[in-house]
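Just below is one structure, and these are the notes that go with it.
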Amino acid sequence: MHQFAVLRLALPTPLRRLFDYLPPESMSVAEALSVPPGVRVLVPFGRRGLLVGVLVEVACETPVAHDKLKAATQVLDALPILSAASLQLCEWTANYYQHALGEVIQAALPVKLRKGEPAATQVAVWEHKTEGKGLGITALKRSPKQQAIHQFLLANQQLKPSEIASLGLSVSALKCLAEKGLVTKRLLAPRPSTPSTPRHGAVLRESPQQPNDEQAAALAAIRYHEFNPYLLEGVTGSGKTEVYLHAIGRTLQAGRQALVLVPEIGLAPQTLARFARRFCVPIAELHSSVSEGERAKNWLAAANGEARIVIGTRLSLFTPLPELGIIVVDEEHDSSFKQNDGLRYSARDLAIVRARLAQVPLLLGSATPSLETLHNALSGRYQHLHLVQRAGDAQPPSIRLLDMRLERVEAGLAQTSLDAVEACLLRGEQAMVFINRRGFAPALLCHHCGWSANCRRCDARLTLHATPYHLHCHHCDAQAAVPKTCPGCHSHSLAPIGQGTERAEALLSSRLPNATILRVDQDSMQRKTAMAELQQQIHSGAPCLLVGTQMLAKGHHFPRVTLVVIVDADQGLLSGDFRGPERMGQLITQVAGRAGRETLAGEVLLQTYRPDHPLLQRLVHEGYANFSRQILAERQAVNLPPYWAMAVLRAESKQPQQALDFLREALEQARLIAPPSPHLQYLGPIPALMEKRNEVYRYQLQLKSHTKPQLQQLLKPLIEYLESHPPARSCRWSLDVDPQEFN
Ligand code: ADP
Ligand code: ZN
Ligand code: ZN
């Protein structure tokens with residue numbers, strides 16, 4: 001028999017280590033040894049007061065001096081809140097992204113559970129302590145409220161918190177009894193997870209579409225009881241979702257659960273409705289517009305097997321699913337799968353890890369696969385499934401480049417575009433104008449002296465907004481009044497330059513006074529119900545014109561949209577980010593995919609000042625599939641991802657010096673750990689694409705290696721070193737493995 005037990009915990013701190021605590025004083029060594037990993041434990045943590053940690057293991061020894069060990073305050077769960085599989089995924093994540101396990105777990109848990117709130121499946125009851133049991137029925141006469149509770153417990157043994165009010169008992173009296181040591185609260189083990197829904201019964205609510213030949217071939221390729229990643233590359237409207245639904249149907253019928261990851265922004269409600277129409281099993285939603293309470297509830301429903309399908313954005317990746325049978329990542333190229341602060345992880349990449357740990361198939365679907373995924377498919381690591389035809393009768397849209405140098409242009413819109421919009425609405429159809437900027441104009445400039453309205457806190461221009469009329473920084477949220485005269489030369493020569501959605505909307509409504517125009521951007525969609533209202537209006541089928549940002553580019557299904565105008569089609573060619581052309585190709589293809597989804601034919605107009613650019617030409621004439629293979633070859637030629645692995649070490653400080661010093665020291669250390677070679681390159685410190693943001697100077701060190709394992713071998717000791725040699729207080733740093741942005 002062991003004399004001693006320590007609880008080894010992951011705590012929500014940035015320190016990359018576990019913390020040892022003695023069991024709570026009321027707990028015997030034997031009891032402590034049987035506490036299962038994955039339960040939450042409340043512990044004192046210096047000045048931060050009480051923290052909620054998660055038990056990783058119970059050990060019989062500790063390197064900590066015994067008189068330094070503190071006792072845990074309370075074990076919060078009777079059964080693990082994170083299964084062994086979930087803990088394993090968290091550990092993998094912590095290792096790969098060089099992040100503290102405690103913070104990974106923190107990110108994985110819904111907020112309510114992070115805070116130590118009881119897991120809903122666990123029931124707490126009030127009971128007598130031994131002293132309380134010994135009291136006679138007439139004790140506590142001086143306090144009738146306490147006596148009522150005492151008598152109830154003598155007769156019933158247990159009191160559920162939910163009964164207190166209905167029995168007319170008093171909470172404060174209960175607390176007094178607890179303080180006197182007469183009663184205590186005890187957690188009951190949750191009911192064993194008995195998946196209540198039919199494991200082999202009916203899962204379908206409606207009969208599915210008969211798969212066409214391409215869909216049938218894709219479905220036949222999927223093997224269900226082993227790990228295999230599949231890239232389902234299918235043009236928009238080719239029936240990818242239908243393939244997911246079939247594969248999920250099979251998984252459900254086999255008594256297993258499905259995890260479906262979807263991008264952020266408006267997509268989830270639509271997808272959810274389609275799943276709910278198809279399946280009669282409980283579906284749990286997990287995304288940012290689900291309330292915290294609901295999120296914890298859905299998470300637990302998935303964890304105990306009640307929910308058979310989980311649909312959510314990246315944060316649902318970690319949801320425990322004891323009977324996981326398939327993972328689907330829809331629109332796998334979407335940038336919202338990457339988290340760009342705190343724990344910088346890619347839910348798409350972790351979905352692969354999760355599928356491998358669980359030995360289940362993973363379906364990655366997209367019309368415009370990321371180059372990372374495409375590379376994996378082309379090199380044979382993923383199985384490549386194709387849908388090249390649109391399902392049903394829909395035809396692919398015709399795409400035309402509009403040479404802006406030859407066009408009459410007003411507020412950024414070509415005359416040809418305006419005419420096409422007008423004709424489309426007259427035919428009784430719907431049109432979309434896509435501009436990747438919100439606000440009225442991205443700059444306010446003086447034509448006389450060249451002054452421009454800049455943000456004082458950022459290296460950025462202020463955006464002019466029309467309603468309300470003001471200047472706004474989209475990077476730090478600073479706001480300013482619009483000057484009446486030029487602050488530089490006092491002339492009246494200030495003019496808005498470029499166009500945003502508001503300006504396009506204004507021009508279009510003056511040109512088409514009878515048209516219904518709907519603006520779709522972050523500003524107009526702020527109300528929670530705005531997106532749903534918009535969709536209703538669009539689905540009514542009445543002619544209307546949508547003017548919006550990339551919110552329009554996501555996978556909506558708008559059957560009556562037959563014309564799409566893309567205002568600045570060539571923006572991505574100018575980007576300082578090596579992913580600029582890739583994103584341009586994805587965006588244009590996705591937006592174009594909104595046109596002519598059903599029986600009506602679609603047309604896409606691309607406004608550009610570089611109609612001859614080879615990449616644009618290739619995209620328009622040969623399609624994304626061809627275009628993406630071309631830029632993939634270019635990446636290979638210059639040692640960029642996905643051929644090379646990359647990480648970025650970022651530092652920022654109020655003065656440039658501290659951040660630069662820190663990165664220089666990091667570089668020196670990196671060189672000591674692994675000298676640069678043809679297979680390992682260091683670049684920096686260099687300024688971020690936006691060097692100053694919100695009064696902070698930002699720099700980065702890029703670390704590139706031929707292989708991921710080689711990069712990992714460098715990162716681990718480097719981060720350990722940096723953690724033990726922290727920079728000056730005014731400097732903050734972070735590591736981004738597989739970075740997606742450089743601004
Ligand atoms: P994607 O996800 O590739 O954009 P969807 O699955 O949403 O494509 O399918 C596009 C449209 O085609 C939808 O209206 C869908 O109901 C329809 N569809 C898909 N597969 C079939 C099929 N096999 N037979 C008939 N219609 C189909
Ligand atoms: Zn001026
Ligand atoms: Zn700013």
Side-chain angles (χ1 to χ4, degrees), residues 14-17 93-100 103 338-346 349 458-459 575-580 635-743:
L15 299 174
R16 291 163 177 82
R17 44 167 284 221
T93 304
N95 251 320
Y96 184 77
Y97 293 106
Q98 309 295 333
H99 210 79
E103 287 195 337
K338 174 78 199 292
Q339 176 152 308
N340 288 320
D341 54 16
L343 170 59
R344 293 165 171 81
Y345 71 101
S346 157
D349 295 350
C458 308
D459 288 331
S575 164
D577 185 329
F578 70 85
R579 285 195 177 82
R635 296 268 189 93
Q636 183 167 27
V638 289
N639 298 348
L640 281 171
Y643 293 92
W644 277 51
M646 193 175 198
V648 167
L649 184 65
R650 296 194 177 86
E652 53 180 50
S653 52
K654 291 253 172 201
Q655 301 300 326
Q657 200 56 39
Q658 289 90 341
L660 282 168
D661 284 349
F662 172 77
L663 290 178
R664 282 189 195 115
E665 187 181 339
L667 175 62
E668 201 171 306
Q669 193 60 29
R671 283 199 178 120
L672 287 176
I673 298 166
S677 75
H679 297 299
L680 189 65
Q681 293 174 3
Y682 302 130
L683 174 65
I686 52 169
L689 285 183
M690 186 175 293
E691 183 170 2
K692 182 181 162 201
R693 186 160 83 188
N694 205 3
E695 296 192 320
V696 171
Y697 290 86
R698 309 151 72 239
Y699 301 90
Q700 50 187 248
L701 182 63
Q702 295 183 2
L703 314 162
K704 277 197 317 173
S705 157
H706 196 48
T707 67
K708 288 197 172 193
Q710 192 183 23
L711 187 62
Q712 287 286 324
Q713 276 168 24
L714 161 69
L715 293 178
K716 197 160 203 64
L718 179 61
I719 297 306
E720 267 165 23
Y721 173 86
L722 296 176
E723 195 172 80
S724 55
H725 296 77
R729 264 166 166 260
S730 53
C731 175
R732 289 173 34 150
W733 65 278
S734 62
L735 180 73
D736 193 351
V737 182
D738 306 327
Q740 290 290 312
E741 57 162 29
F742 300 90
N743 55 5

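Note that this is a predicted model, so its numbers are computed, not measured.
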- Side-chain ion pair, K338 and D736, N-O less than 4.0 Å: yes
- Kindly indicate whether the side chain of P676, heavy atoms from C-beta on, has any atom under 4.5 Å from the side chain of R671. yes
- Query: Within a radius of less than 6.0 Å around CZ of R16, do more than 12 heavy atoms belonging to other residues, nucleotides or ligands occur?
  - Reply: yes
- Quick one: which of E691, E652, Q658 gives a side-chain hydrogen bond (donor to acceptor under 3.5 Å, both in side chains) with Y699? E691
- Message: Checking D349 against Y97: is there a side-chain donor and acceptor pair closer than 3.5 Å?
- Response: no
- Task: Check whether any side-chain N or O of K704 sits under 3.5 Å from a backbone N or O of W644 as a donor-acceptor pair, and report yes or no.
- Result: no
- Query: Would you find a donor on one side and an acceptor on the other, under 3.5 Å apart, between the side chain of R635 and the backbone of P641?
  - Reply: yes
- Query: Less than 4.5 Å apart, any side-chain heavy atom of Q712 and any of V737?
  - Reply: yes
Taking only distance into account, with no hydrogens and no angle test, what donor-acceptor pairs under 3.5 Å do side-chain atoms of residues 661-670 form with protein atoms, sequence neighbours excluded?
unit_1: D661; atom_1: OD1; unit_2: Q657; atom_2: NE2; d: 3.0
unit_1: E665; atom_1: OE2; unit_2: Y721; atom_2: OH; d: 2.9

- Qualifying residue for side-chain contact (heavy atoms from CB on, under 4.5 Å) with L735, from R344, H99, R650, Q98: Q98
- Could you walk me through whether Y682 and L649 pass the side-chain contact (heavy atoms from CB on, under 4.5 Å) test, one step at a time? CA-CA 11 Å; Y682 302 130; L649 184 65; over 6 Å; no
- S653 (side chain) donor-acceptor with A659 (main chain) under 3.5 angstrom: yes
- Message: Tell me if the centroids of the rings in Y345 and Y96 come within less than 6.0 Å of each other.
- Response: no
- Message: Checking the side chain of D459 only, and the main-chain atoms of K692 only, is there a donor and an acceptor separated by less than 3.5 Å?
- Response: yes
